[in-house]
Amino acid sequence: MTKIISVNAGSSSLKFKLFEMPTEDVLISGIAERIGLADGIFKIEINGEKKVINIPIPNHKVAVELLMKSLIENNIIKKFDEIEGVGHRVVQGGSHFDKTAVVTPEVEEIVESLCNLAPLHNPANLLCYREFKNVLPTALHTFVFDTAFHQTIEPETYLYPVPYEWYSEHKVRKYGAHGTSHQFVSKRVAEILNKPLEDVNTITCHLGNGASISAIKGGKSINTSMGFTPLGGVMMGTRCGDLDPSVVFYMQQKLGLTPQETDFILNKKSGMLGISGFSSDARDIQDKVDENDERAILTQKIYVNRAINIIGGYFVQLGRLDNIVFTAGIGENDATIRELILKSLEEALGLEIDYELNSKIRGKEIKISKDNSKVAVYIIPTNEELVIAYDTYSLLKK
Ligand code: AMP
């Protein structure tokens, strides 16, 4: 048995899951939150039992130390070197990585050079890697890139119609994100169907606080809604998704906004929060919809409209569509959003949905379309941590 830890670091959080591979048993999972603030929170879960510790976590170094200490204290390991592999989620791998990489000084340098493409994420990913490398120097460390799965997208899809030098000199192109999730659920649906991955075409809807939709042809990503950064694509919790760029210059002039302020508004104050005016959380929006709140109803309508426009485009691009998969927080749990999206696609795609079944399902793998539906529709809980652990495990065994 091999112990592999999956790590997902944000600027103020550190999420982890320790797997026993290849059995996929989760020995412990947890999260350090509010890193850098006085009132840090460290949460762990072992065999369904949860513990919450309130403790200052001034930096990622302390978060890693807390995590490692908790493994010993809870008798998960006796010595640090029992952990043989650490898989680090890295948001931006640019055009350099089409698969998971073992971390070497060269790999580290490339990821460092990509920090300006993901200023919120890559620095935190690197910082965390370095802390883990210090405490686990003999383990194999890997970088699992959010962008890697989308490297199969063709130039006519990933290039923007702007001066070509913006791409050749400044790397401006569509990179996408949530690659591990789109990969996991598209593979899983082929397994469920018991068909070779090459024969299955799927549109995967990763609808969480961040959201993206991808077109997967025979196991390869041919399009995805997020763009140069995770700001593009569908409407999200606080991000606007696709937008006419002239809105940016117009509003900068109108309100005297700096580029940084505009960036903040489009990333943090837009999306569901921007339209509803009260929350970025789909559950809060639904509660207000139930009270007939006009802005909440409008929020859901825009959300659905944005999603079906992307799905419709991908349906055409794929040529043949076998499955639609819903995953992530909203995709797995929000039956109303799923129903609204599916009802809007029903006629065009020849869908036959069991809405009664849909309304009852939360966070469970299931087919919600009827057998006579032209396209099958599934809910498949995502498991990005497991993809990270598997990739690391396979590289370790090579
Ligand atoms: P994620 O980023 O994948 O954690 O997804 C977060 C989003 O999922 C938020 O908008 C939540 O409101 C939504 N979500 C989580 N659980 C539920 C639920 N039970 N019903 C509806 N939405 C949910």
Side-chain angles (χ1 to χ4, degrees), residues 6 8-17 29-33 41 43 45 89 91 120-121 146 176-185 188 204-214 224-226 229-231 233-241 267-291 293 295-304 306-307 325-342 355 357-366 368 378-388:
S6 285
N8 183 356
S11 51
S12 65
S13 68
L14 170 61
K15 238 171 147 176
F16 68 95
K17 221 176 219 186
S29 63
I31 185 166
E33 289 175 304
I41 309 170
K43 297 180 191 162
E45 184 172 339
R89 178 189 182 202
V91 164
L120 298 177
H121 297 99
D146 246 31
H178 297 139
T180 46
S181 178
H182 291 292
Q183 183 181 13
F184 177 81
V185 297
R188 183 71 200 123
T204 47
C205 306
H206 178 110
L207 307 179
N209 195 25
S212 65
I213 297 179
S214 289
T224 193
S225 60
M226 278 179 172
T229 70
L231 182 57
V234 290
M235 179 180 191
M236 295 172 237
T238 59
R239 291 177 226 155
C240 59
N267 269 294
K268 301 279 183 199
K269 297 282 176 197
S270 301
M272 295 203 260
L273 174 62
I275 296 292
S276 71
F278 61 86
S279 178
S280 62
D281 192 301
R283 285 164 290 202
D284 298 341
I285 306 288
Q286 186 57 49
D287 288 347
K288 287 279 186 184
V289 167
D290 294 341
E291 293 168 17
D293 182 281
R295 291 265 291 274
I297 294 169
L298 182 63
T299 304
Q300 275 192 343
K301 282 187 173 166
I302 299 175
Y303 192 91
V304 170
R306 295 266 156 166
V325 177
F326 287 97
T327 194
I330 295 173
E332 290 168 30
N333 298 298
D334 195 323
T336 308
I337 291 281
R338 283 195 307 253
E339 177 170 332
L340 290 170
I341 291 177
L342 292 169
Y355 288 111
L357 178 62
N358 173 61
S359 69
K360 293 185 194 140
I361 300 300
R362 283 198 162 67
K364 205 171 117 188
E365 185 176 290
I366 198 156
I368 53 169
Y378 289 87
I379 298 164
I380 301 183
T382 195
N383 198 341
E384 292 163 284
E385 295 91 352
L386 185 61
V387 177
I388 295 173

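Ligands are counted one by one from 1 in listed order, and the atoms in each one are counted from 1 as well. Sequential numbering from 1 along the given sequence is applied to the chain's residues.
- Given atom 18 (C) of ligand 1, the protein heavy atom at minimum distance is Asn333 CB, 3.2 Å.
- Contact atoms of ligand 1 toward Asn209: 1 (P), 2 (O), 5 (O), 6 (C), 7 (C) (distance under 4.0 Å to a heavy atom of the residue).
- The closest side-chain heavy-atom distance from Lys17 to Glu384 is not below 4.5 Å.
- The presence of a protein heavy atom under 4.0 Å from atom 5 (O) of ligand 1 is confirmed.
- Asn209 is not listed as a side-chain neighbour of Ile330, based on a closest heavy-atom distance of 4.5 Å or more.
- In terms of protein heavy atoms, atom 3 (O) of ligand 1 is closest to Gly329 N, 2.9 Å.
- Some N or O of Ala282 is nearer than 3.5 Å to an N or O of ligand 1, by distance alone.
- For ligand 1, one of its N or O atoms has an N or O atom of Ile330 under 3.5 Å away.
- A side-chain donor-acceptor contact under 3.5 Å links Arg338 to the backbone of Gly331.
- For a threshold of 3.5 Å applied to N or O pairs, the pair formed by Asp281 and ligand 1 contains at least one separation below that value.
- Comparing Gln286, Arg283, Met272, His178 against atom 15 (C) of ligand 1, the shortest heavy-atom distance belongs to Arg283.
- Every atom of ligand 1 with a heavy atom of Gly208 under 4.0 Å away is listed here by number and element: 1 (P), 2 (O), 3 (O), 5 (O).
- Between Lys301 and Ile297, some side-chain heavy-atom pair lies under the 4.5 Å cut-off.
- Arg239 contributes no side-chain N or O that, together with a main-chain N or O of Gly210, makes up a donor-acceptor pair within less than 3.5 Å.
- Side-chain atoms of Leu231 and Cys240, non-hydrogen and from C-beta on, do get closer than 4.5 Å to each other.
- A heavy-atom distance below 4.5 Å is not found between the side chains of Asn8 and Glu385.
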